[in-house]
Amino acid sequence: MAPGPVTGVVITPAAAELLARLQERHGPVMFHQSGGCCDGSSPMCYPRGDFLVGDRDVLLGVLDVGDGVPVWISGPQYEVWKHTQLVIDVVPGRGGGFSLEAPEGVRFLSRGRVFTDDESAALRGASVITGAAYERGERPPERGPVVALDDAAARQTCGPGGR
């Protein structure tokens, strides 16, 4: 991964390209990291406003694609994943039927990368932005960048091509 500010979420170039096309077609979008059930544990992409973010959902970050794409996760799921950076990627196949990329023949995929000790130290003490705080206007100081997953970076993630 490229050095820079520590963010809770980043996106690969291929996923960012697809996301930009979806924004052109559907307008502003957002992700909610699913916790399982019908759609597995996929990042689900919705037109902004079509998915109601809960007061206790946690904003992992805003991706630096288009006008910015917020990425949400439930509060309890965040507690399990808070030591991990979410890497949004795209792979061939069919994902959740409600996610915007479903008709494209590809699906967004979550990869996880455990924060290094230095990154964890940088994040310690940082407050999380909940759905309620976002409604009040709170935003993260940095956007989640587009990052290339070379072979070494892919080996540091969990998911296809990872551990």
Could you pull out the closest heavy-atom pair between [X] and [Y], with the gap in Å?
X    : Y   : value
Y134 : P70 : OH-CG, 3.8 Å
A148 : P13 : CA-CD, 3.9 Å
I73  : Y78 : CG2-CB, 3.7 Å
S99  : C45 : OG-N, 2.8 Å
A15  : I88 : CB-O, 3.6 Å
L19  : V29 : CD1-CG2, 3.7 Å

Counting C-beta onward and ignoring hydrogens, is there a side-chain heavy-atom pair between L22 and E101 closer than 4.5 Å?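 In short, these two side chains touch, coming nearer than 4.5 Å.
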Could you tell me if the side chain of L59 sits less than 4.5 Å from the side chain of V71, heavy atoms only?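 V71 does not reach L59 side chain to side chain.
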Return the [atom1] to [atom2] distance between [X] and [Y], rounded to the nearest 0.5 Å.
X    : Y    : atom1 : atom2 : result
H83  : L123 : NE2   : CG    : 12.5 Å
T130 : D55  : OG1   : CG    : 7.0 Å
L18  : R107 : CG    : CZ    : 13.0 Å
L86  : W81  : CG    : CH2   : 5.5 Å
T7   : F115 : OG1   : CZ    : 7.0 Å
F98  : Y46  : CZ    : OH    : 7.5 Å

How would you list, by chain and number, every residue that makes a side-chain contact (heavy atoms from CB on, under 4.5 Å) with P28, sequence neighbours excluded?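 For P28 the side-chain contact (heavy atoms from CB on, under 4.5 Å) partners, ignoring immediate neighbours, are R48.
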F51-H32 aromatic ring centre distance below 6.0 Å: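 Between F51 and H32, the centre distance is under 6.0 Å.
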Backbone N or O of [Y] within a donor-acceptor pair of the [X] side chain at under 3.5 Å?
X    : Y    : value
R143 : G61  : no
Q85  : V10  : no
T84  : R113 : no

With R136, which residues qualify under salt bridge (Lys or Arg N to Asp or Glu O under 4.0 Å), at least two apart?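 E138.
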Please identify each residue that fulfils salt bridge (Lys or Arg N to Asp or Glu O under 4.0 Å) with E17, with sequence neighbours left out. R21
Quick one, D57 with S74, criterion side chain to side chain donor-acceptor pair (under 3.5 Å). Give me CA distance, side-chain angles, the key distance, then yes/no. CA-CA 4 Å; D57 284 349; S74 75; 5.3 Å; no
Crowding at CG, D50 (>12 non-hydrogen neighbours, <6.0 Å):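 Count over threshold, so yes.
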